[in-house]
Amino acid sequence: VFCAPLVGVVCRLLGMRRGFVFVCAFKAAACGLFLLQPYLCWAWFLQFYLSSLASGWDALMKNMSAAIFKERLSKYLALADLCKDGANILAAPAYALTFNAKATSRVARMLPGLLSFKLYLFAMAILFQHSTGVWSMFCLGLDTLQQEQDAGSEAKREASSRKRSD
């Protein structure tokens, strides 16, 4: 069974920007598997497995945030925590409203997951909509990470060429 964090590998192979877009699409596809859960018993396990392959996402997001906000990182992290708390204040009642333990239809049982999936797609639409400016801000961080990665690769090549010449 193959299980490895693919985020770093994909970003290294495709570049930071293309890798980020690929991982976002991969996460959306993995989340979308919940639509098949009532019909195919393996969909839940495949969704769980594919989601575990996207480990490294949090590290990428933290590094990108550090590259974007630099000395203002602590302020950004505090604001991000407040936003997460606010989102949880809204999400918990929304989940409670959509969850029905006595539901008999497949659509009624899938309603909480469907709401979550729609909100994820909405967040991705905001991210990639150029008029919001979020993508251009993310690109600043991704470009900084790409430059750091390129500099590290160049340093490794120089070190290996020095070892060969010795």
Linking I/L/V/M/F/W/Y whenever any side-chain heavy atoms sit under 4.5 Å apart, do Leu119 and Leu127 land together? no

Do Leu77 and Met64 belong to the same hydrophobic cluster, where Ile, Leu, Val, Met, Phe, Trp and Tyr are linked whenever their side-chain heavy atoms lie under 4.5 Å apart, directly or via other members? yes

Hits for ring-ring contact (aromatic ring centres under 6.0 Å, His included) against Trp42, two or more places apart or cross-chain, chain-then-number order -> none

Are Ser65 and Leu73 close enough that some pair of their side-chain heavy atoms sits under 4.5 Å apart? yes

Is there a path of hydrophobic side-chain contacts, each under 4.5 Å between heavy atoms, that joins Met137 and Val21? yes

Shortest non-hydrogen contact between Met16 and Gln146, atoms and distance: N-OE1, 2.7 Å

Kindly indicate, with the supporting measurements, whether the criterion side chain to side chain contact (heavy atoms under 4.5 Å, CB included) is fulfilled by Met124 and Tyr120. CA-CA 6 Å; Met124 289 298 106; Tyr120 177 78; 3.8 Å; yes

Only counting residues at least two apart or in another chain, list the ones meeting salt bridge (charged side-chain N to carboxylate O under 4.0 Å, His left out) with Arg17. Asp143

For Glu148, side chain to side chain contact (heavy atoms under 4.5 Å, CB included) partners two or more places apart: Thr144, Leu145

Considering residues at least two apart in sequence or located in another chain, which fulfil the ring-ring contact (aromatic ring centres under 6.0 Å, His included) criterion with Tyr76? Phe69

Mark yes when over 12 heavy atoms from residues, nucleotides or ligands other than Phe48 sit less than 6.0 Å from its CZ; otherwise mark no. no

Which pairs with one or both residues in residues 79-92 pass side-chain hydrogen bond (donor to acceptor under 3.5 Å, both in side chains), sequence neighbours excluded? none

Extract all donor-acceptor atom pairs below 3.5 Å that involve side chains of residues 92-111 and protein atoms in other chains or at least two apart in sequence.
| from | atom 1 | to | atom 2 | distance (Å) |
| --- | --- | --- | --- | --- |
| Thr98 | OG1 | Ala94 | O | 3.1 |
| Thr98 | OG1 | Tyr95 | O | 3.1 |
| Asn100 | OD1 | Lys102 | N | 3.1 |
| Ser105 | OG | Ala108 | N | 3.2 |
| Arg106 | NH1 | Pro38 | O | 3.4 |

Treating Ile, Leu, Val, Met, Phe, Trp and Tyr as nodes and any side-chain heavy-atom pair under 4.5 angstrom as an edge, say whether Leu60 and Val9 lie in one connected cluster. no

Applying salt bridge (charged side-chain N to carboxylate O under 4.0 Å, His left out), which residue pairs with at least one partner in residues 38-63 are found, sequence neighbours left out? none

Set of salt bridge (charged side-chain N to carboxylate O under 4.0 Å, His left out) partners for Glu158, sequence neighbours left out: Arg162

Those residues that, when tested against Glu154, pass side chain to side chain donor-acceptor pair (under 3.5 Å) (two or more places apart): Arg157

Using 30° and 60° as the class limits, which term best fits the ring planes of Phe138 and Phe20: parallel, tilted or perpendicular? perpendicular

Let me check something: do Trp44 and Leu53 share a hydrophobic cluster, defined by ILVMFWY side-chain heavy atoms less than 4.5 Å apart, either directly or through other members? no

Enter the distance from Cys31:SG to Leu121:CG here, rounded to the nearest 0.5 Å. 8.0 Å

Sequence neighbours left out, what passes side chain to side chain contact (heavy atoms under 4.5 Å, CB included) with Leu33? Give chain and number order. Leu36, Leu46, Gln47, Leu50

Going by the rule side chain to side chain contact (heavy atoms under 4.5 Å, CB included), which residues pair with Thr132 if we only count those two or more places apart in sequence or in a different chain? Ile126, Gln129, Val134

Please report, to 0.1 Å, the donor-acceptor pairs under 3.5 Å made by any side chain of residues 22-29, with sequence neighbours excluded.
none

